[in-house]
2 protein chains.
Amino acid sequence: MATDRAREVYDYIQAYNARHGYAPKLREIASHLGISSRGVAHRYVRALQAEGLVHIEPDRARGIRLRKVKTSAPRTSSLPLLGRIAAGRPIEAIPGEDEIDLSEFFVNRERFVLRVQGDSMIEAGILDSDMVVVEKRETADNGDIVVALIDGTEATLKRLQKNRDGSVTLRPANAALSPLRLSATRVRIQGVVVGQFRSYR
Amino acid sequence: MATDRAREVYDYIQAYNARHGYAPKLREIASHLGISSRGVAHRYVRALQAEGLVHIEPDRARGIRLRKVKTSAPRTSSLPLLGRIAAGRPIEAIPGEDEIDLSEFFVNRERFVLRVQGDSMIEAGILDSDMVVVEKRETADNGDIVVALIDGTEATLKRLQKNRDGSVTLRPANAALSPLRLSATRVRIQGVVVGQFRSYR
DNA sequence: AACTAATGTTCTCATTTTGTTCTCAGGCAG
DNA sequence: CTGCCTGAGAACAAAATGAGAACATTAGTT
């Protein structure tokens, strides 16, 4: 909430609305604050509108409508999707899409999260200490990023390439590292990377 | 934490925030410490900011924001966290952590998602068509990745660097692109990137 | 329709409050 | 001693607050 006074105004509007079923006049708000100026009361209401807490029917008496219910922790797994951002242009709205649903990460297949250590996939945008969402599978397609177990002991994160002779090549996304070409019998795929995320904290 | 006194301030801000939903004024912090100087209280808060525990909205009343969110909330959005993966070793279990909580992305602040276009942050692991989670703010700290509006028209995603003379430099994470040094009046910060994710589909 | 009073809206102008930066001073440990 | 942490408080900058004028719109009333 913007300021102390704005908060008082919001609380008053809520209480008034609960009691009467409609919003107070600006003069009543001012009077409740102990001030004389309707203009000032209007400024506070406009601040509340800017925060999305309230809606104003222009020029209407008692034209204030409450927008949000005061629930403190409704956790949904969606966030507003504002649009695209690209260098050199204003943010462009994406029509038809106003929310991004992250629940795709939580679909009830066999999925788990791994914290990545090391830079082997850095050129694919997977950095050290990033999280990857892995779907449990024993097979994968060419070009998939997979969690592969080599010789039953070493687990690595690499891009998969199936060769004609039946062997597979595990390619790191890092020019400093070399691809590994291995016979199919030595490699067991444990899962495929279906997502990645990172938190800046 | 720097000093005992700074810790007291941090604890007080946390408690106050949990109780009221917003931060205390400097005068209230000083009073809680039993001192009379707002200047001293401000010095402690600035120390907390230097440690990254807190963010300050400059010149704003109650402009202190907690940076690390205590998520002791019910975890609706969680996935099993199996462990770490690194090249050349088996997956290593992480003791004490059996679930990864994604709800930090959905905390009750003003957040939204943008789809990134272009390669300007590619070396920071933010690729074309990735999603970034942005927290609405008008200010940011050095090194933060920000959504900045230049001259009120061009929106870009860059790393922020504040210069001593008051100007700011917007640094792309891409050697092929040049940093932009601009006077502070031309740049308006719209938000700070707090997360990033990508879906392989 | 014309008039009127009430209400909302937009301003500018002060004043108060709050945040910010600074210097100075005392206590205390190494 | 020097180098800290700590506190006081002055001086300034910016935000928050309040007053009130002027105008627009609405809702009645005649």
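Protein chains get the first letters and strands the later ones, always in sequence-line order, with residue 1 at the start of each.
Looking only at distances, no side-chain donor or acceptor of A:Arg181 sits under 3.5 Å from a matching main-chain atom of A:Thr169.
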Can you give the donor-acceptor pairs under 3.5 Å from side chains of residues 29-39 of chain A to other protein atoms, not counting sequence neighbours?
| unit_1 | atom_1 | unit_2 | atom_2 | d |
| --- | --- | --- | --- | --- |
| A:Ser37 | OG | A:Gly39 | N | 3.2 |
| A:Ser37 | OG | A:Val40 | N | 3.1 |

Taking only distance into account, with no hydrogens and no angle test, what donor-acceptor pairs under 3.5 Å do side-chain atoms of residues 139-146 of chain A form with protein atoms, sequence neighbours excluded?
| unit_1 | atom_1 | unit_2 | atom_2 | d |
| --- | --- | --- | --- | --- |
| A:Asn142 | OD1 | A:Lys162 | N | 2.8 |
| A:Asp144 | OD2 | A:Asp141 | N | 3.0 |

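Counting heavy atoms from C-beta on, the side chains of B:Leu48 and B:Ile64 never come closer than 4.5 Å. Two residues are said to be in side-chain contact when any heavy atoms from C-beta on lie closer than 4.5 Å; A:Leu160 and A:Val187 fail this criterion.
The residue among B:Gly39 and B:Asp59 whose nearest nucleotide of DNA chain D lies closer to the 5′ end is B:Gly39. Residue whose closest nucleotide on DNA chain D sits further toward the 5' end, between A:Ala61 and A:Arg38: A:Arg38.
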Could I get a table of every N or O pair under 3.5 Å where one atom is in the protein and the other is in nucleotides 28-30 of chain D?
none

Measure all distances between protein nitrogen or oxygen atoms and nitrogen or oxygen atoms of nucleotides 3-7 of chain D, and list the pairs falling under 3.5 Å.
| unit_1 | atom_1 | unit_2 | atom_2 | d |
| --- | --- | --- | --- | --- |
| D:dT6 | OP1 | B:Thr3 | OG1 | 3.4 |
| D:dT6 | OP2 | B:Thr3 | OG1 | 3.2 |
| D:dT6 | O5' | B:Tyr44 | OH | 3.1 |
| D:dG7 | OP1 | B:Arg5 | NE | 3.0 |
| D:dG7 | OP1 | B:Arg5 | NH2 | 2.7 |
| D:dG7 | OP2 | B:Arg5 | NE | 3.2 |
| D:dG7 | OP2 | B:Tyr44 | OH | 2.9 |
| D:dG7 | N7 | B:Arg43 | NH1 | 3.4 |
| D:dG7 | N7 | B:Arg43 | NH2 | 3.3 |
| D:dG7 | O6 | B:Arg43 | NH2 | 3.1 |

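With values rounded to the nearest 0.5 angstrom, A:Gln196 atom CD is found 11.0 Å from A:Met121 atom CE. Atom CZ in B:Arg62 sits 5.0 Å away from atom CD in B:Glu28 (nearest 0.5 Å). Atom CZ of B:Arg67 is separated from atom OH of A:Tyr200 by 12.5 Å, given to the nearest 0.5 angstrom.
The nucleotide range of DNA chain C contacted by chain A, defined by atoms under 4.0 angstrom from heavy atoms of the protein and reported 5' to 3', is C:dT7 to C:dT10.
The CG-C1' distance, from A:Leu26 to D:dA19, rounds to 15 Å in whole Å.
Residues B:Ser183 and B:Ser167 approach most closely at CA-CB, 4.2 Å, considering heavy atoms.
Pairs engaging residues 41-64 of chain B under the ring pair (Phe, Tyr, Trp, His ring centres under 6.0 Å) rule: none recorded [sequence neighbours left out].
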